[in-house]
Trainee: 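One structure coming up, written as structure tokens, with questions to follow.
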Amino acid sequence: MSVFPKISLRPEVENYLKEGFVNKEIVSAFGKEAAERKFETLLKHLSHPPSFTTVRVNTHLASVQHVKNLLLDELQKQLNGLSIPILQHPDLQDVLLIPVIGPRKNIKKQQCEAIVGPQCGNAVLRGAHVYAPGIVSASKFMKAGDVISVYSDIKGKCKKGAKEFDGTKVFLGNGISELSRKEIFSGLPALKGMGIRMTEPVYLSPSFDNVLPRYLFLQNLPSAVVTHVLNPQPGEKILDLCAAPGGKTTHIAALMHDQGEVIALDKIFNKVEKIKQNALLLGLNSIRAFCFDGTKAIKLDMVDTEGEPPFLPETFDRILLDAPCSGMGQRPNMACTWSLKEVASYQPLQRKLFTVAVQLLKPGGVLVYSTCTITLAENEEQVAWALTKFPCLQLQPQKPQIGGEGMRGAGLSCEQLKQLQRFDPSAVPLPDTDIDSLRETRREDMLQLANKDSIGFFIAKFVKSKST
């Protein structure tokens, strides 16, 4: 059920998205009313978290069953003995699914309040506690040990250090303050520790902060699907063209049994360092990460740079292009303040990166393109463009096929749409999950819900038939 307002967007952005979802092809197939209804449902669902927390097991270091047992013990501690099942995904053997309990409607709101920023608020809805830097405002009498009602300033309008806030805010649940208001806003160097420990969140999910860090990687379900679709094999040379924060990079290496070479590129130094740290933590030696702009990763002269970017044409067996995108599929997201210019700015960059990827791919090689957005322009329109621009590419069926088929509107055939995967947050009604309903729900129904109620995401798989 819907407990939060629909995602708040600038009017021109909402109209832009609506044009994509209520396009001529969709209206012709399903009717205008149905298309508009589905679009409104999507906007509501984007402001709510998915109904499962997904974690990927680092199978390079431990078996799934061993990690599942460790995680069951951890959940028992975190949730005070509350018994919540952990499901192993039948089609993604290294993925574990944990149901989210909520929305919980009988939480008593406290007089003492804290306001957190929108990003912090989104994290709380997915199981995080509140860290001091995320607190924007607190009641003037707040002290350590108080029971606090936590609200999200979804539009980012609250002034840092305010004693009260009357703007748009959404209730996230209650917690116990670890710090006083004075400590939080003392003006001393920014505090980094726990600010509020959430005890009664509206959506109850486990916290994964420093939980089994060598064995688990917190990842949205479609993000785990995309690496299985790439299907990396031991001994291959694979490129992750836009790799940060490294979840898919480390997944590629694990699926290859750490045999072969995984090159990870990102143009932001700190993110590349994070990839290296993750590879070290997870015990993966096949990963080489470079701070490098993916649009310049193709070598124009034929002098080999000894395994460092830029690379010679036709160097890689498989390439993952998890492209920079507008991120409009992320959940929960209660407000996006971006302008239309910002939302629409990614298509040209994605095409530059795609062009480089095609050149770097060996004949017979596999290219997987993915985004965590819902726009037609960044997804199906990019596939239509690629098939026209590069006759050497052929669209391929995907395995596993967990998401729905592609969206109409880009001129692709029905057969081509079936070869795509679009994870659509509006595919199923928002669940209302409590402990009792969880006990009565069949495992098959839970798995089906986990597959459908995810972030918005898109995957296309191509094979290169001949040299470019």
Trainee: One pair to check against side chain to side chain donor-acceptor pair (under 3.5 Å): Asn278 and Thr250. What are the steps and the verdict?
Mentor: CA-CA 8 Å; Asn278 281 332; Thr250 55; over 6 Å; no

Trainee: Counting only heavy atoms from other residues, nucleotides and ligands, does the tally under 6.0 Å from NZ of Lys155 exceed 12?
Mentor: no

Trainee: Examine the side chains of Tyr131 and Asp209 and answer whether a donor and an acceptor come within less than 3.5 Å of each other.
Mentor: yes

Trainee: Indicate whether any N or O donor in one side chain lies under 3.5 Å from an N or O acceptor in the other, for Ser207 and Gln78.
Mentor: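 No pair is found: no donor N or O on one side chain lies under 3.5 Å from an acceptor on the other.
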
Trainee: Phe21 vs Phe39 aromatic rings, parallel, tilted or perpendicular, using cut-offs 30° and 60°?
Mentor: tilted

Trainee: Do the numbers put Lys299 on top of the ring of Phe311, so that NZ or CZ is under 6.0 Å from the six-membered ring centre and no more than 45° off the axis?
Mentor: no

Trainee: Okay, side chain of His89, backbone of Val95: is any donor-acceptor separation there less than 3.5 Å?
Mentor: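 Side chain of His89 to backbone of Val95: no pair is present.
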
Trainee: State whether a side-chain donor-acceptor pair under 3.5 Å links His251 with Asp94.
Mentor: yes

Trainee: Please answer whether the main-chain N or O of Val22 pairs with a side-chain N or O of Glu36 as donor and acceptor at a distance below 3.5 Å.
Mentor: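 Between the backbone of Val22 and the side chain of Glu36 there is no qualifying donor-acceptor contact (under 3.5 Å).
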
Trainee: Closer than 3.5 angstrom, by distance alone: can the side chain of Glu380 be matched with the main-chain N or O of Ala377 as a donor-acceptor pair?
Mentor: no

Trainee: Does any N or O in the side chain of His60 come within less than 3.5 Å of the main-chain N or O of Ala254, such that one atom is a donor and the other an acceptor?
Mentor: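 Between the backbone of Ala254 and the side chain of His60 there is no qualifying donor-acceptor contact (under 3.5 Å).
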
Trainee: Please check if the number of heavy atoms outside Lys68 that lie under 6.0 Å from its NZ is greater than 12.
Mentor: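 Yes.
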
Trainee: Between atom CG of Leu212 and atom NE2 of His66, what is the distance when rounded to the nearest 0.5 Å?
Mentor: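 One finds 8.5 Å between CG of Leu212 and NE2 of His66.
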
Trainee: Side chain of Arg318, backbone of Leu230: donor and acceptor closer than 3.5 Å?
Mentor: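 Yes, the answer is positive, given that a donor and an acceptor are paired below the 3.5 Å cut-off.
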
Trainee: Would you say Leu42 and Leu46 make side-chain contact, with heavy atoms under 4.5 Å?
Mentor: yes

Trainee: Mind checking whether Phe290 and Ile263 have side chains closer than 4.5 Å, heavy atoms only?
Mentor: yes

Trainee: With no hydrogens and no angle check, do the side chains of Thr373 and Asn379 hold a donor and an acceptor under 3.5 Å apart?
Mentor: no

Trainee: Decide if atom NZ of Lys452 counts as having more than 12 heavy atoms of other residues, nucleotides or ligands within a radius under 6.0 Å.
Mentor: no

Trainee: So, for Ile287 and Ala279, which heavy atoms are closest and what is the spacing to 0.1 Å?
Mentor: CD1-CB, 3.9 Å

Trainee: Atom SG of Cys336 and atom CD1 of Ile154: how far apart are they, to the nearest 0.5 Å?
Mentor: 12.0 Å

Trainee: Which one of Asp432, Asp453, Thr433 satisfies the side chain to side chain donor-acceptor pair (under 3.5 Å) criterion with Ser51?
Mentor: Asp453

Trainee: Look up atom CZ in Phe457 and atom CD1 in Ile402, then write down how far apart they are to the nearest 0.5 Å.
Mentor: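 Rounded to the nearest 0.5 Å, the CZ-CD1 separation comes out at 12.0 Å.
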
Trainee: For residues 23-34, which residue pairs pass the side chain to side chain donor-acceptor pair (under 3.5 Å) check, not counting sequence neighbours?
Mentor: none

Trainee: So, taking the atom named CD1 in Ile374 and the one named CD in Gln330, what distance separates them when rounded to the nearest 0.5 Å?
Mentor: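 Output value for this atom pair is 11.0 Å.
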
Trainee: How close do Val356 and Ile298 get, heavy atom to heavy atom, and via which atoms?
Mentor: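 The pair with the smallest heavy-atom distance is CG1-N, 4.1 Å.
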
Trainee: Answer yes or no: does atom NZ of Lys274 have more than 12 heavy-atom neighbours from other residues, nucleotides or ligands under 6.0 Å?
Mentor: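 It does not: Lys274 NZ has 12 such atoms or fewer within range.
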
Trainee: When you compare the side chains of Ser426 and Lys38, does any donor N or O come within less than 3.5 Å of an acceptor on the partner?
Mentor: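 Checked: Ser426/Lys38 side chains pair up, N/O donor to acceptor below 3.5 Å.
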
Trainee: Would a distance-only check, ignoring hydrogens and angles, find a side-chain to backbone donor-acceptor pair under 3.5 Å from Arg56 to Gln219?
Mentor: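 It does not hold such a pair.
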
Trainee: Given 3.5 Å as the limit, does a donor-acceptor pair link the side chain of Gln421 with the main chain of Pro400, or not?
Mentor: yes

Trainee: The criterion is salt bridge (Lys or Arg N to Asp or Glu O under 4.0 Å); which residues satisfy it with Lys461, sequence neighbours excluded?
Mentor: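 Salt bridge (Lys or Arg N to Asp or Glu O under 4.0 Å) list for Lys461, sorted by chain: empty.
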
Trainee: If you count heavy atoms of other groups shown closer than 6.0 angstrom to CD of Gln119, is the number above 12?
Mentor: no

Trainee: Verify, without hydrogens or angle tests, whether Asp258 (side chain) and Ser286 (backbone) share a donor-acceptor contact under 3.5 angstrom.
Mentor: yes

Trainee: Whether the side chain of Arg422 engages the backbone of Gly403 through a donor-acceptor N/O pair (distance < 3.5 Å, no angle test) should be reported.
Mentor: no

Trainee: Please collect all side chain to side chain donor-acceptor pair (under 3.5 Å) contacts where either partner lies in residues 13-22, sequence neighbours excluded, each pair once.
Mentor: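 Every side chain to side chain donor-acceptor pair (under 3.5 Å) pair that includes a residue of residues 13-22, provided the two are not neighbours, is Lys6-Glu14.
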
Trainee: Do the non-hydrogen side-chain atoms of Ser370 and Leu320 ever get within less than 4.5 Å of each other?
Mentor: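 Sidechains of Leu320 and Ser370: in contact.
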
Trainee: Could Glu40 and Arg37 be called an ion pair, given the rule that one side-chain N must be under 4.0 Å from one carboxylate O?
Mentor: no

Trainee: Evaluate the ring planes of Trp385 and Phe354, with Trp represented by its six-membered ring, and classify them as parallel (under 30°), tilted (30 to 60°) or perpendicular (over 60°).
Mentor: perpendicular

Trainee: So, does Gln233 use its side chain to make a donor-acceptor pair with the main chain of Met256 at under 3.5 Å?
Mentor: no

Trainee: Taking the side chain as C-beta and beyond, is there a heavy-atom pair between Val57 and Leu216 under 4.5 Å?
Mentor: yes

Trainee: Could you measure the distance from the NZ atom of Lys362 to the NZ atom of Lys237? Nearest 0.5 Å is fine.
Mentor: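 Nearest 0.5 Å value for the NZ-NZ distance: 8.0 Å.
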
Trainee: Judged by modelled atom types alone, do Gln419 and Gln396 share a side-chain donor-acceptor pair under 3.5 Å?
Mentor: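 Not at all, the side chains of Gln419 and Gln396 share no donor-acceptor pair under 3.5 Å.
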
